[in-house]
Amino acid sequence: GARIYVSSDDSEYMPLRDVAVQSTMGYARTALAGTGITPACFDRVSTVAVEVFGGRTLANASEADVLAGANRAYIGGEIIGFAVATLTSAGHYTLSTLLRGLRDTEDAMLTHVADERFLALTESGPVVAQPNLSMLGSARYFKVVPVGFGLADVDAATITPSGRNLRPFAGVGAVGIRVDDGGLTVTWQRQSRALVKCFQVSGVPVAETTELYSVEFWF
């Protein structure tokens with residue numbers, strides 16, 4: 001296990017969160033493609049080679065289970081789901097049959113490079129260390145100190161919390177239709193943090209206090 005500490009000046013540290021279980025993590029050894037992908041559907045073309053450490057393993061899941069939340073992973077800013085994890089050698093897998101751009105991460109689909117960090121989110125280990133809101137936009141120093149070590153034994157990582165996980169999700173699937181008077185009718189689908197069934201008839205519920213959108217038009 002380990003304990004996460006945070007400091008505003010790299011001098012005085014306060015405990016933030018305890019971590020009891022090792023995560024399934026490593027690196028994506030190939031760059032995940034992002035062009036021509038529809039986030040709402042399974043990506044049956046793209047694959048990504050990942051290497052996981054510490055004897056951890058990855059497993060297949062049915063497409064129905066992936067749609068329901070199984071096999072979620074973080075790769076270079078994008079959250080994906082994967083149905084197939086093909087073992088190629090010890091600790092090395094090729095992931096395929098992917099759900100892409102989950103949890104409002106479509107903007108990271110086009111920025112992948114090789115050797116990005118990989119983290120299996122639905123395996124045991126990952127925890128959310130939510131900083132205080134006063135930390136947003138300001139550099140903070142973090143240390144992850146294993147059991148049996150002291151603060152002085154660990155180098156600090158400097159992170160500026162942005163609060164992206166607190167931001168409402170952007171709309172997707174925007175469609176514009178010209179009307180008879182020359183105007184333009186634009187529609188889109190909302191995204192939500194609410195746990196709902198995929199493709200349900202009733203649509204996605206509003207999980208925020210209000211429903212407001214900022215829309216930009218480019219001509």
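In this chain, residues are counted from 1 in sequence order. Keep in mind the model is a prediction, meaning the values are calculated, not measured. Keep in mind that the numbers below use all heavy atoms, side chains included, and drop hydrogens, waters and symmetry copies.
Although no hydrogens or angles enter the test, the distance criterion places no donor-acceptor pair under 3.5 Å between the side chain of Arg56 and the main chain of Gly26. Thr47 contributes no side-chain N or O that, together with a main-chain N or O of Ser96, makes up a donor-acceptor pair within less than 3.5 Å. When atom types are taken as modelled, the side chain of Asn71 and the backbone of Ala59 share a donor-acceptor pair closer than 3.5 angstrom.
Heavy atoms from other residues, nucleotides or ligands lying under 6.0 Å from CD of Glu211 number more than 12.
When hydrophobic clusters are built by joining Ile, Leu, Val, Met, Phe, Trp and Tyr residues whose side-chain heavy atoms come closer than 4.5 Å, directly or via intermediates, Tyr213 is grouped together with Val186. By the rule that hydrophobic residues join a cluster once side-chain heavy atoms approach within less than 4.5 Å of another member, Ile4 and Ile159 end up as members of one cluster.
A donor atom on one side chain and an acceptor atom on the other are not found under 3.5 Å apart for Ser11 and Asp9.
Taken from CE in Met109 to OG in Ser46, the straight-line distance is 8.0 Å, to the nearest 0.5 Å.
Put simply, the side chain of Leu136 does not reach to within 4.5 Å of the side chain of Ser162, judged on heavy atoms. For the pair Leu67/Phe42, a side-chain contact is recorded, criterion being any heavy-atom separation below 4.5 Å from C-beta on. Side-chain contact between Arg178 and Leu184 is present, with heavy atoms from C-beta onward closer than 4.5 Å. Taking the side chain as every heavy atom from C-beta outward, Val6 and Tyr141 never approach each other to under 4.5 Å. Inter-residue side-chain proximity for Tyr27 and Glu116 is flagged as unmet; no heavy-atom pair is nearer than 4.5 Å. In this structure the side chain of Tyr5 reaches within 4.5 angstrom of the side chain of Leu151, judged on heavy atoms. Considering only heavy atoms from C-beta on, Pro126 stays 4.5 Å or farther from Val21 through its side chain. Leu99 is not listed as a side-chain neighbour of Asp43, based on a closest heavy-atom distance of 4.5 Å or more.
Counting Ile, Leu, Val, Met, Phe, Trp and Tyr side chains that sit under 4.5 Å apart, directly or through other members, Leu58 shares a hydrophobic cluster with Leu32, Val48, Val50, Val52, Ile75, Ile80, Phe82, Leu87, Tyr93, Leu95, Leu98, Phe118.
Ionic pairing of Glu78 and Arg100 is present here: one or more N-O contacts between side-chain nitrogen and carboxylate oxygen are shorter than 4.0 angstrom. For Lys143 and Asp153, the salt-bridge test fails: no basic side-chain N is under 4.0 Å from an acidic carboxylate O. Salt bridge Glu63/Arg44: present, at least one basic N to carboxylate O contact under 4.0 Å.
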#### Entry: Asp65 and Ser62: CA distance, side-chain angles, deciding distance, side-chain hydrogen bond (donor to acceptor under 3.5 Å, both in side chains) verdict
CA-CA 5 Å; Asp65 286 342; Ser62 70; 3.2 Å; yes
